[in-house]
Structures are given as structure tokens and as C-alpha cells.
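Everything on this sheet refers to the single structure shown next.
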2 protein chains.
Amino acid sequence: MPTKKRTVTIQDVAKKAGVSVSTVSRVLNGKADVAGETQEKILGVISKLGYTSNLAARSMRSRRKDLLGLVVPDIGFPYSIEVMKGINRAIAESKFDLLVYTMGDVHKSGAVLHEQHYVSLLNNSLTDGVLIVASAAAEFITDAPIIAVDPHIINPRYPSVQGTNYQGALDVMNYLLNLGHQRIGFVCGRPEIASAERRLQGYKDALKEAGITIDESLIIPGDFTTKSGYISTLQLLKSNNPPTAIFAANDQAALGAFQAAEELGLRIPEDLSVVGFDNISEAKFVGLTTVDQFLSEMGYIATQMLIKMVNNEKLDVQVHKMPTRLVERTSCRALEPVH
Amino acid sequence: MPTKKRTVTIQDVAKKAGVSVSTVSRVLNGKADVAGETQEKILGVISKLGYTSNLAARSMRSRRKDLLGLVVPDIGFPYSIEVMKGINRAIAESKFDLLVYTMGDVHKSGAVLHEQHYVSLLNNSLTDGVLIVASAAAEFITDAPIIAVDPHIINPRYPSVQGTNYQGALDVMNYLLNLGHQRIGFVCGRPEIASAERRLQGYKDALKEAGITIDESLIIPGDFTTKSGYISTLQLLKSNNPPTAIFAANDQAALGAFQAAEELGLRIPEDLSVVGFDNISEAKFVGLTTVDQFLSEMGYIATQMLIKMVNNEKLDVQVHKMPTRLVERTSCRALEPVH
DNA sequence: ATCGGTAACGATACCGGTATCGTTCTCTAT
DNA sequence: ATAGAGAACGATACCGGTATCGTTACCGAT
């Protein structure tokens, strides 16, 4: 094995320039205490050697890093993508850069203590503050700036941005009920996630309010994936008394419902009405009626709140509630009254 | 201002458990040299104090971090998203975690040396290896594992994964020519990017091959955004002798062409044929004929190559060429022969 | 000539971990 | 009884930067 060339450090620069590391560090950080001539020489050496500072080393000693952390279980999900778009926008407008930490998958074996590991991993070590998206972690909070988008827990001990999931679900149900639908199927999200439960609760309460008894066979488990939406919808449609409409806990599951309908030769909305939740970018193209919870905006606002926290400014609210809006497209139709 | 609670360090754990930091470190890294009883006590203290290790400190001393870095200019772009999906998949299958570094925007003021800064920022400091997506940076390479997806330069000094941009463009042009189109507009990508130039070259060569003289007025500058596609298309369609087909350097620009056509009351494909490049997820929904360059797959393969490099295994190829494929949808039609 | 002030720079502690080596203690073999 | 081996653990150097303080040289003022 060949000898590994070491990376060039501040020591190398100092030696080559004939000055001390202190002086190089001063130049790097734009301190005033350096003679113009010396500065130019050092800058020359730096670019000649191709020196770049070691983030880890710097982070350890200096408090301010101008870097925000983001923890996402899975960056491939449309949900995560939408939120990240907003975060990205806020980052672009700020002086902060962003470090995203992901495991690629929620379920993955890891080292000892991996459970806690991945949250405050960035915390106080690399970044000035951390954004957590749709995660249960960070139960144990340190006092560092942390903010959650759509937390698993309804009332986390740190600030958060949440959508009005319950109200959104009520809106969907009232919309469908007004169209004349009585038998409405519900494809659940992951039960451990608070927002999924809130939507289910909205589904149930709206039915109660309308005086319709809840048929448990119309409520099918799911996990927010397209595949689960597909399977659940098949199950619903093949039953003896299939629903006329399906409310999926998120858009991805609703997309699965589209697939199932197509496979069974059913047209949407003629033979089946479908509503989703999230308004991911695909929804527009397939004409899916859904609830916009302004995910991108949530990410944007959360980032701005985090920046405030980092700057030691006071937050206006601990929990920012983002109102949802029903987006009517072409996946639902009114039922003719039965003669 | 209240006194800042410090984060809990390995020193705190050691003191509380009545052992040395060395022993705690051994427990953290699962070394064998610890008595079972001691280990349990330490683990107890760790979870009681909510200790999590400082990534920065750890990275500095130990070579192996089981962490890969990814540098993207803008994570909001559909292009980046597609590539990241593949990376995410490879990460999920591996023991590595991923750290994504982004500035949120390509054009952003920064500290001194920011130009170099953001590439090998992660390099040898935090991560075992770095993926670079569609960036010109890293001209100065260190010898650390680096791999580029779709590099700006055709022949970078480090391994890369690239699409067959030239061949893909030829395929598009031959497809359009076979449909009978003679006046074909081209909406350029960002000229400093190699892949954009390769596509333009394919456009020109195909025309030459077909014996059609190149009309420079049909070649409009662009920058890969939807907006630029919109503007360029308007310009093309409003000219005296508008094209019958438009080949956009990427799908986002093609989407802009759709907008422009709609605004002018032109139907696609009846009044105008459009082809894109990339096959982003939106393309399917609008029926855009495009070139699939398997971006997700490129990310996947690049990640696997990087992991090989980190493990000191030999790469099969330095440049992995990913073949493109024309995806025919409904945005083009055959021209009737002129009578 | 002595002093104080300031500009420019160097020496060193320190951040929080890991790697290396040394120390202590027990147990077994001779 | 003593040496040697091995288990369990501690002490300390070190990673590559920044923060703090100290040092030197040069200046004008008293």
C-alpha cells in the first residue's frame, strides 16, 4: 500500500509561509491584526497548497459555525423533499449553510446507542442548531436550538411547526359528504405518527357529526407508502360493499389507490372518488384532490424560527400552526341521489 | 442571560461513573477490554445523562467514520432530487450514513476562500469519502476518495459517473427528424456545464448528418430552469419562421416550453412537438417525451463506487458511462408531408 | 533616556474525543 | 515463592483548528 498523502493542514501553510499557525488562522478568519503583505503571502500559499480548513477541528473550538443541521430519516420521500425545498429556500436567503444527516432508511442496524445517536449528533458539535423532520427522536433534549417539523409527538418540549391535520381531515370529509358520499374508506398512515392519528380522528369525528355510524371495515391500516395505498384500496374495492370514495392519509397512498382502481378497470372520478393529503408535486399532474399543508412553507418557516433561536431572539410562538387548504381537482365527483 | 448549560461530554460520563475517559470510550466503541459490570454501569450513566458523542471530536482522531459526504449546490432542483434518491438507496443498503452539504444556492456570498471551501469541506475531516453532484469544484483534488456525478469537466482527475449526453441528443434529433421535423429549436442549458454542451453538439451534428443547415436563430441560450425554457420558447414561437419542434436541454426547460405553448394557445403535440432531457418524475405526468438518463441509478452506482474506494478496493472503471434511453410519450407528432 | 501605547506576530492551552502505551491486579505454572 | 500472562483500566499524546495571552519592535511623548 502506498504511503497516504496527508491532507494539507494549517500547520503546513504556516511552515511554508514562514509564519505561525496563529497568523494563518487570523488570515482565515479575516482578523485585522495582520500586515497586508503577510496576508497576501499567506493567501498565496493557501491557494498554492490547495488548503481547506477542517470543519471538525474548527467546530470544536469555535462556537459560531454558521451551519444548520437537518435530520431526516429518508431523503427520498416526496414528503421530505417538499419540506427540504422550503428549508433550502430559507438557507439560500441566509448566511447559513446546511448539513443534512440521513440514514437512508428508518430501519437500519447501527452501532451501540444508535437510537439517540442520530439526533443530537450534529448538535453542539457541528452545527449551531438542528431541524428535525417527522421524527420521534430528540426526546432527551439538550438545551441547544432545536426545532421540529411535524413532530411525532403533539407537544414536544421544543418549538415546532405543525399542520392543522385534524381540521384538514374534517374539510376533506365534509367535502365528500357534501358530494353525497356515505361510504368512505380511509387508508391509514403510520399509527405512531401524531399527524396520521389526527387525520384519522378527523375522519371519525366528521362521520359522527354527520350521523353516520363508523364502519371499522372501511378503515384499513397503512404506512404512508404508495404500495400500502395500493394494497389497502384493493382490499376495500373487492369487499362486498365497497366504498364510493377513498380518503388516503397522504398523497402517496392516494397514488396507490389510483393504481388499484386502474387495475380493476375503475375510472376516477366516475367510478371512485379519491382524496389525498399533503399536495406533493405529483398530485397536480394526476388531478388528485388533496389537502395542501404547505410543506415547503413549513420547512421555510421552521428554518427561520431556528435561525432566530440561534441568534438568541425570542420566538413569537412555540408552536407554529400552519393552516391547511383543500385543493379541489378532478378526482372526486358528486353522487347522484338514489331514487 | 442565563448560564448556558454545557453539553454533556465523555468527561462528565467518566466522572459520574467513577472511571476514566478511556474506559468510557472503550464502551462506546464496543471494545472487548471492559468488565461486564463496568460496562453496564457506564451505559446506565450514559443514558441517564443523555450523552451523545461529539461527531467533530471523534472524526478528528479516528480515521473510520462510516459516513459519506455529498455536496450539492441546490437540493431543491428536481435533478438533484433524482440523483439523491439513488444515493439514498445505496446508503440505506450500506453501513454508511450520509451527510449532505448544501449552500441552498449556487450564487451566495461567503467567507474568504468560499470557492474552494465547500468541496473538501467534508473531506478527510468528517467523512470517509465525498460525492460531488454537477459541480465544477474540486479542481484541486486531495487524494481522498472523491467521485463525481455528471461533472462539469468531461475528464476530471477523479472517477465519475456520466450519462451519454451526446448519444442521447442524437437519438432525440433522429426521432424528430424521422417524424418529419426540419425546423427544430434548441433551448440551451448552462454553457459552463459539460453535459449541456454535449447535448448541443448532438443537436448540431444530427442536423449536419441530415444535411440540414444550422439556423443559429433556432438556438436560444438558457440555464436549465423552467423560466428560461418559457422565455426561450416564447422567443422561438413568436419569430417569423417558428420551429415545429423544440428540443430542450432538460425537462425543466421543456416544462417551460409547455407553459409558453399554452399561453399562446398552441396545443402539444398538435401545434408543437416538445422533447426534454432527464426524465424527471414530472415528465411522466405531462406526457413529455424525453431522454431517460437514469439519474437515480447514476447516484446509486456512484455511491457504490465511492464505497469501494473507501474500502480500498479497485474500481472496474474510472468513468462509468450510463447509457441513455429515449422515452416516447405524447408530446410529439409526425408532420404531414407538404403537398 | 525612559516610558507607555500599539501594531504584528508567536507560544500555548484547549475543544472532546480516540490511540497508544503503561500500570495494576489476579491467576496459574514452575 | 516467584515469574509470566492476561484482564481491566488509567494516563497521556494527539487530531487540526481557534482563543487567549505573551512577546517583540517601533513609535512619539515626557
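All chains are named by letter (A, B, ...) in the order of the sequence lines, taking the proteins before the strands, and each is independently numbered beginning at 1.
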Quick one: is [X] getting a side-chain N or O under 4.0 Å of the [N] phosphate, OP1 or OP2?
{"X": "A/Ser25", "N": "D/dT18", "result": "yes"}
{"X": "B/Ser53", "N": "C/dG16", "result": "no"}
{"X": "B/Ser20", "N": "D/dG10", "result": "yes"}
{"X": "A/Lys31", "N": "D/dA19", "result": "yes"}

**OP:** Would you classify B/Ser22 as touching base, sugar-phosphate or nothing, given that sugar-phosphate means primed atoms plus P, OP1 and OP2, and contacts are heavy atoms under 4.0 Å?
**Re:** base
Quick one: [X] [atom1] to [N] [atom2], roughly how many Å, whole number?
{"X": "A/Asn29", "N": "D/dG16", "atom1": "CG", "atom2": "P", "value": "18 Å"}
{"X": "A/Ile10", "N": "C/dC9", "atom1": "CD1", "atom2": "C1'", "value": "14 Å"}
{"X": "B/Asp33", "N": "C/dT18", "atom1": "CG", "atom2": "C1'", "value": "15 Å"}
{"X": "A/Ile46", "N": "D/dG17", "atom1": "CD1", "atom2": "P", "value": "10 Å"}
{"X": "A/Leu55", "N": "D/dT18", "atom1": "CG", "atom2": "P", "value": "11 Å"}
{"X": "A/Asp12", "N": "D/dC15", "atom1": "CG", "atom2": "P", "value": "11 Å"}
{"X": "A/Glu37", "N": "C/dA8", "atom1": "CD", "atom2": "P", "value": "11 Å"}
{"X": "B/Asn54", "N": "C/dC15", "atom1": "CG", "atom2": "P", "value": "12 Å"}

[X] side chain, from C-beta outward: closest of [options]:
{"X": "B/Thr9", "options": "C/dG17, D/dA19, D/dG10", "result": "C/dG17"}
{"X": "B/Thr23", "options": "D/dT18, C/dG10, D/dG10", "result": "D/dG10"}
{"X": "A/Arg61", "options": "C/dC9, D/dG17, C/dG16", "result": "D/dG17"}

Original post:
Are any non-hydrogen side-chain atoms of A/Met298 and A/Val83 less than 4.5 angstrom apart?
Top reply: no
Subject >> Distance-only polar pair, side chains of B/Gln162 and B/Ser160, donor-acceptor under 3.5 Å >> reply: yes
**OP:** Begin from the C-alpha positions of A/Thr303 and A/Phe96 and carry the test side-chain contact (heavy atoms from CB on, under 4.5 Å) through to its verdict.
**Re:** CA-CA 10 Å; A/Thr303 307; A/Phe96 291 87; over 6 Å; no
Subject >> B/Ala32 vs B/Val21, nearer the 5' end of DNA chain D by closest nucleotide >> reply: B/Ala32
Subject >> Given DNA chain D, 5'-ward residue of the pair A/Arg26 and B/Met60, judged by closest heavy atom >> reply: B/Met60
Original post:
So is A/Arg190 actually on top of A/Phe224's ring, under 6.0 Å and inside 45° of the axis?
Top reply: no
Subject >> Test side chain to side chain donor-acceptor pair (under 3.5 Å) applied to B/Asp12 and B/Tyr51, step by step >> reply: CA-CA 9 Å; B/Asp12 303 328; B/Tyr51 166 81; over 6 Å; no
